[in-house]
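Down below is the structure, laid out as structure tokens.
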Amino acid sequence: MPELPEVETIVRDIAPRLEGRHIQFAEVYSPLVLRNNKGSLSEALAGRKIVTVGRHGKHVLLHLDRGVLVIHLGMTGKLLFNTEPTRHTRAIFSLDDSTLVYDDIRMFGSLEWSAALPERIDRLGPEPFSITDTEFAAALRKHRTSIKALILNQKLIRGVGNIYTDEALWRAQIHPKTSASRIRKERALRLLNAITSVLNEAIEHRGSSVSDYVDAEGRKGGFQLRHNVYGREGKPCPRCETPIRRIVVAQRGTHYCPKCQRA
DNA sequence: ATCTATTCCTGGCTGC
DNA sequence: TGCAGCCAGGAATAGA
């Protein structure tokens, strides 16, 4: 499940292999992964030059000489170079000197060409590294929903998903069901630090491979070995040895230490 | 306006 | 061994 660190890893890897190249042609095998270009994505992309490659939250952006290709990897999306198509290959992009293959088992991901960054993506919250302590604390006080649900909401900050939310809440010692509005300045600051530090460490380790995440070369990340709570139900908390508990918050599997993270 | 529940999708796992 | 049934979850959407 690619979140910010996984997408950042992919973008850093693929940027030098894409920038300056042209999309000679694109082929779509599963229109389900298209958003608003049903039937016209290939035409929009044919002959376009890839100028720069970037990341916006969990989105990969290919800035073209005309418009932008927005790629969201969803749960199981992969961008791979020069692999043979499989039954999960949803699209291919034939470039000057390589072929970029988009695989996506569950098809929660999406491909979208747009003349400019689509509004709904442009309107997402800031990168976690950009928001200030004051802004973050003020935003928390405005919402009565659980802190877990609020961090997952891409309109607050963009790029953080289920894994890194659980990891950050463990680091900050905050119970996932805590009402966001009840988190005052000091704890909010601790939480924002936890979020940015866990994201940075995950980037250093090339992301987490818990189910089937791999980078553009098919390599797994290494940060899953450093998870403290995610996917560790019943195992001892690294801080206090209490067994990690798994509950459901905001319709998501949620892992926390019942002793370190009191309600 | 804010929040919650539902929907999409398929491989992998569980239990009979 | 086979297979039905359930689960994982990002984000759009519908509903409260």
Side-chain angles (χ1 to χ4, degrees), chain A residues 1-8 10 28-38 55-61 70-79 85-91 102-112 114 117-125 127-128 138-169 176-183 195 199 202 207-214 220 224 227 229-234 244-256:
Chain A
M1 45 201 83
E3 302 181 27
L4 188 155
E6 291 76 29
V7 178
E8 179 67 20
I10 290 167
V28 178
Y29 304 123
S30 301
L32 258 177
V33 301
L34 302 183
R35 286 193 66 95
N36 58 9
N37 318 101
K38 301 284 182 200
R55 182 186 59 73
H56 188 94
K58 301 173 191 170
H59 299 267
V60 178
L61 303 183
V70 181
I71 303 171
H72 194 294
L73 300 171
M75 289 290 298
T76 53
K78 298 173 189 172
L79 288 170
T86 70
R87 80 174 110 150
H88 301 125
T89 299
R90 309 305 179 187
Y102 178 64
D103 277 22
D104 190 351
I105 295 173
R106 291 184 216 176
M107 294 189 286
F108 275 23
S110 62
L111 305 175
E112 174 179 20
S114 181
L117 191 63
E119 265 293 302
R120 68 171 204 293
I121 295 170
D122 193 38
R123 274 201 309 263
L124 295 177
E127 290 283 324
L140 262 50
R141 295 203 58 176
K142 283 189 213 158
H143 297 272
R144 271 195 284 276
T145 189
S146 68
I147 187 61
K148 164 105 182 189
L150 190 58
I151 298 174
L152 288 174
N153 184 346
Q154 304 294 297
K155 289 176 180 134
L156 174 73
I157 48 173
R158 61 185 192 241
V160 187
N162 204 38
I163 296 175
Y164 298 107
T165 300
D166 283 4
E167 292 298 322
L169 288 171
K177 280 188 171 174
T178 307
S179 169
S181 60
R182 292 182 54 193
I183 298 175
I195 291 169
L199 293 175
S208 303
S209 292
V210 292
S211 51
D212 52 6
Y213 164 74
V214 291
K220 287 175 185 273
Q224 67 280 1
H227 288 177
V229 284
Y230 188 87
R232 299 191 68 251
E233 182 185 14
I244 298 303
R245 195 169 290 172
R246 183 186 183 281
I247 58 174
V248 174
V249 182
Q251 291 80 244
R252 296 287 174 267
T254 299
H255 313 74
Y256 74 107

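Each chain gets a letter, A, B and so on, in the order its sequence line appears, and its residues count up from 1. Computed over heavy atoms, backbone and side chain alike; hydrogens, waters and symmetry mates excluded.
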Measuring to OP1 and OP2 of [N], would you say a side-chain N or O of [X] lies under 4.0 angstrom away?
X         : N       : result
Lys142(A) : dT2(B)  : no
Arg246(A) : dA8(C)  : yes
His72(A)  : dA11(C) : yes
Tyr213(A) : dA8(C)  : no
Arg87(A)  : dG11(B) : yes

Numerically ordered, the residues 143-158 of chain A set in heavy-atom contact under 4.0 Å with DNA chain C is Gln154(A)

Can you find a donor-acceptor N/O pair under 3.5 angstrom joining the side chain of Arg106(A) to the base of dG11(B)? no

Per the side chain to side chain donor-acceptor pair (under 3.5 Å) rule, which among Thr178(A), Thr165(A), Asp166(A) passes with Lys148(A)? Asp166(A)

Angle, rounded to 10°, between the helical axes spanning five pairs at each terminus of the helix from dT2(B)-dA16(C) to dC16(B)-dG2(C)? 50°

If each of Gln251(A) and Ile121(A) is mapped to the nucleotide of DNA chain C with the nearest heavy atom, which maps nearer the 5' terminus, i.e. the 5' end? Gln251(A)

So Gly109(A), base contact, sugar-phosphate only, or nothing? Heavy-atom distance under 4.0 Å. nothing

Residue Arg35(A), side-chain heavy atoms: nucleotide from dG10(C), dT10(B), dA12(C) that is nearest: dA12(C)

Among dC9(B), dT6(B), dG11(B), the one nearest any side-chain atom of Phe108(A) is dC9(B)

Roughly how many Å is it from CE in Met75(A) to P in dG12(B), rounded to a whole number? 14 Å

